[in-house]
Trainee: 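Handing you a structure now.
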2 protein chains.
Amino acid sequence: MGRVKLKIKRLENLSGRQVTYSKRRAGILKKTKELSILCDIDILLLMFSPTGKPTLCLGEQRFVSL
Amino acid sequence: MGRVKLKIKRLENLSGRQVTYSKRRAGILKKTKELSILCDIDILLLMFSPTGKPTLCLGEQRFVSL
DNA sequence: TGGCCTATTGTTAGGTC
DNA sequence: CGACCTAACAATAGGCC
């Protein structure tokens, strides 16, 4: 999606990785929460930003960025 | 998306939850892998199906359904 | 359950502030 | 870094096998 189609390979630019990370992280967190509610299931999601900052998501609970 | 807009609330029908789980799980797993590759980061995703079957995904590695 | 199909709605790249 | 905008492209609900 987006104005241009991205090839799924490592983005060479750090700032580009951070911007893409922030945007896509929001989308994945949203889908994760929706799935946990729709299907009434447990989901654990832990990811680290390109600079190492962790984000933890436990189902429909508010996600925690440490 | 889809033919009809779904309200984000628990699906009352078990078979419906399983079908939705299967379809959306595939989408989330895809996005998780893309993000780990694009941004060169670590991601851990663990989720349980409506019947309790776990799926573990570690970044770009092939996901493991136990 | 899983794959295919397609109308519809959702996500996001690039840019600006 | 986050919020907002919007054109493009992607995910998916429902249906059928």
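Note that the coordinates shown come from a computational prediction; the quantities given were computed from them, not determined experimentally. Proteins get letters first, then strands, A, B, ... in listed order; numbering begins at 1 in each.
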Trainee: Determine: side-chain N/O of B:Lys31 to OP1/OP2 of C:dT12, distance under 4.0 Å, yes or no.
Mentor: yes
Trainee: May I ask you to say whether A:Glu34 pairs ionically with B:Arg24, meaning some side-chain N is under 4.0 Å from a carboxylate O?
Mentor: yes
Trainee: Report the distance from atom CG of B:Leu56 to atom CG of B:Leu44, rounding to the nearest 0.5 Å.
Mentor: 6.0 Å
Trainee: Output, in order, the C-alpha distance, side-chain angles, deciding distance and verdict of side-chain contact (heavy atoms from CB on, under 4.5 Å) for A:Met47 and A:Leu29.
Mentor: CA-CA 10 Å; A:Met47 55 183 146; A:Leu29 286 173; 4.0 Å; yes
Trainee: Under 4.0 Å: is that the gap between some side-chain N or O of B:Ser22 and OP1 or OP2 of C:dG2?
Mentor: yes
Trainee: Considering just the side-chain nitrogens and oxygens of B:Arg3, establish if one lies under 4.0 Å of OP1 or OP2 belonging to C:dC5.
Mentor: no
Trainee: Is the phosphate of D:dA8, meaning OP1 or OP2, less than 4.0 Å from a side-chain N or O of A:Lys5?
Mentor: no
Trainee: Distance check needed: D:dA7 P versus A:Leu6 CG, whole Å only.
Mentor: 19 Å
Trainee: Whole Å only: how far is the NZ atom of B:Lys30 from the P atom of C:dG3?
Mentor: 14 Å
Trainee: Please state how far atom CE in A:Met1 lies from atom P in D:dT12, giving the value in whole angstrom units.
Mentor: 10 Å
Trainee: Which heavy atom of A:Leu46 sits nearest a heavy atom of A:Pro54, and at what distance?
Mentor: CD1-CB, 4.5 Å
Trainee: Taking for each residue the nucleotide of DNA chain D with the nearest heavy atom, is it B:Val4 or A:Val19 whose nucleotide lies nearer the 5' end?
Mentor: A:Val19
Trainee: Can you tell me how far C1' of C:dT9 sits from NZ of B:Lys7, to the nearest Å?
Mentor: 16 Å
Trainee: In whole Å, what is the span from the CD1 atom of A:Ile8 to the P atom of D:dC9?
Mentor: 15 Å
Trainee: Taking salt bridge (Lys or Arg N to Asp or Glu O under 4.0 Å) as the criterion, tell me which of A:Arg10, A:Lys9, A:Arg17 meets it with B:Asp40.
Mentor: A:Arg10
Trainee: Tell me: CG of B:Leu35 to P of C:dT11, nearest whole Å?
Mentor: 15 Å
Trainee: Using a cut-off of less than 4.0 Å, is there contact between a side-chain N or O of A:Lys23 and OP1 or OP2 of C:dT11?
Mentor: no
Trainee: Taking atom P of D:dA3 as reference, at what distance in whole Å does atom CD of A:Gln18 sit?
Mentor: 16 Å
Trainee: Between A:Asn13 (CG) and C:dA13 (C1'), how many Å, whole number?
Mentor: 14 Å
